[in-house]
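Small disclaimer: the values here were computed from a predicted structure and weren't measured.
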Amino acid sequence: MGCSNSPRRPGSRCVTTTVDDALRVFSPLLPLAVAYSGGADSTALLLACAQKWPGQVRAIHVHHGLQAAADDFACHCAAVCAGLQVPLQVKRVQAGHALGESPEDAARKARYEAIRALAQEDQAQPAIKSIALAQHADDQVETLLLALSRGAGLPGLSAMPARWQRGGLDYYRPLLQVPAAEIRAWLARRGAAFVEDPSNTDERFTRNRIRARLLPALAETFPQFRETFARSAQHAAQAQALLLDMARDDLAGTGMPPAIKALQGLSTARQANVLRHWLLEAHRATPTAAQLAQLLAQVAACTTRGHQIHLKIAAGHVTRSGDHLHYAEKAV
């Protein structure tokens, strides 16, 4: 991943990936939908994809309605798509956040659901096969730094994947190795217009403070930080994949729900790994570090038939039911 737009010295490992380089190796199943906000990053992605696969690209715009300029954004997207002869679908969503949920997370969830729904609408013929998202190298660094600031485990430190599948669709982030500055330079060379979202400079949001304050400092101190941070995220993703494989094997051995005696035969680290996997896989519940530590202590102490377990985990409770653990979303 890149570190700057300056010429590369012979022997230097600092390589800036360009938009053209990224699109050269991007080969999704077609037709392709591009999530298009009208901003610089998604504009570059849409232009590059429409040029590479004329007639095979559609654009999806999610109207959050969170700011006065949202209608103008949608109008801009419509004008650009008309000029490119790219079909545009617009989806209005209610992106209000629940108590304890950040506005950014709520908007992100609403956006992904809207993209999925639009891509799978019956009138889109032929059916969309792939969806391209415009996150870039700087976004990846910001995601990793946010995960570090929250004390995240390997899933968080893995940051954003370049490709994944969900609901029968292939999702891609083809610009994930391209720095933000390179994307804007690419657009400037083509005289391409895009909109500036004023919320992107609002430093009340942690991600924006990272972008405005930390990334310039990192560039000055560690010029190759985009490349090296991405490598660390890839290592974390590989380690997480191994832990997931082990958790599946251990859960097959302990049973679903897990048998307490079988759990006790595993090391503490493997117990933690398989319990996290069981709770997430079977109940969509994610324990905090403190909750998981309490559960491990109770499993270790469960040496008699009379020992009871009743611990709050996420929105429910883990209890003992005979020789097994049990999870219920409501207190029992």
Side-chain angles (χ1 to χ4, degrees), residues 26-50 53 55-82 84-136 139 143 155 160-176 194-195 197 199-200 207 280-281 283-286 315:
F26 179 38
S27 56
L29 292 175
L30 301 174
L32 169 72
V34 174
Y36 179 43
S37 69
D41 313 322
S42 63
T43 297
L45 182 59
L46 180 64
L47 293 179
C49 289
W53 299 292
Q56 293 291 314
V57 175
R58 300 190 181 102
I60 291 176
H61 178 78
V62 180
H63 188 306
H64 294 94
L66 295 176
Q67 50 187 299
D71 288 338
D72 293 336
F73 294 167
C75 290
H76 169 84
C77 291
V80 170
C81 288
L84 294 172
Q85 297 184 332
V86 169
L88 172 68
Q89 295 170 277
V90 178
K91 179 79 170 180
R92 290 178 177 265
V93 299
Q94 296 296 323
H97 60 285
L99 183 64
E101 183 182 27
S102 74
E104 304 100 303
D105 285 343
R108 178 181 56 81
K109 291 176 183 176
R111 181 163 59 250
Y112 275 91
E113 176 56 29
I115 290 170
R116 182 203 62 76
L118 283 176
Q120 294 180 328
E121 282 187 352
D122 291 340
Q123 64 262 32
Q125 295 295 334
I128 292 295
K129 301 291 187 183
S130 310
I131 297 175
L133 308 171
Q135 285 92 356
H136 50 66
D139 292 325
T143 300
M160 296 183 290
R163 178 182 179 181
W164 74 102
Q165 291 185 326
R166 182 182 301 161
L169 293 168
D170 290 325
Y171 290 79
Y172 297 87
R173 292 187 175 102
L175 302 182
L176 205 53
F194 56 88
V195 295
D197 187 338
S199 69
N200 287 339
R207 184 178 285 272
L280 182 61
E281 184 76 10
H283 304 289
R284 313 308 300 171
T286 301

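In this structure, the separation between CZ on R173 and CG on L45 is 12.0 Å, given to the nearest 0.5 Å. T43 contributes atom OG1, which lies 4.0 Å from atom OH of Y36 (distance to the nearest 0.5 angstrom). Residue C81 holds its SG atom at 10.5 Å from CD1 of I60, rounded to the nearest 0.5 Å. Once rounded to the nearest 0.5 Å, the distance linking CD of E113 with NZ of K91 reads 8.5 Å. Between L29 atom CG and S130 atom OG the span is 4.5 Å, to the nearest 0.5 Å.
Summarising the geometry of V57 relative to V86, their closest heavy-atom pair is O-CG1, 3.5 Å, with the distance given to 0.1 Å. Minimum heavy-atom separation, A35 to I115: CB-CD1, 3.7 Å. Minimum heavy-atom separation, R58 to I128: NH1-CD1, 2.9 Å. Residues H61 and S37 come closest through the heavy atom pair CE1-O, 3.4 Å. A134 and D139 make their closest contact through O-OD2, 4.4 Å (heavy atoms, listed as atom of the first residue, atom of the second, distance). Across all their heavy atoms, Y171 and L133 have their closest contact at CD2-CD1, 4.4 Å.
H283 is linked by a ring pair (Phe, Tyr, Trp, His ring centres under 6.0 Å) to W278, Y327, counting only residues two or more places apart in sequence or in another chain. In this structure, the side-chain hydrogen bond (donor to acceptor under 3.5 Å, both in side chains) partners of T143, at least two apart in sequence or on a different chain, are R207. Residues meeting the side-chain hydrogen bond (donor to acceptor under 3.5 Å, both in side chains) test with Y172, sequence neighbours left out: R163.
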ask   = What's the verdict on side-chain contact (heavy atoms from CB on, under 4.5 Å) for L176 and Q135, showing C-alpha distance, side-chain angles and the deciding distance?
value = CA-CA 6 Å; L176 205 53; Q135 285 92 356; 4.3 Å; yes
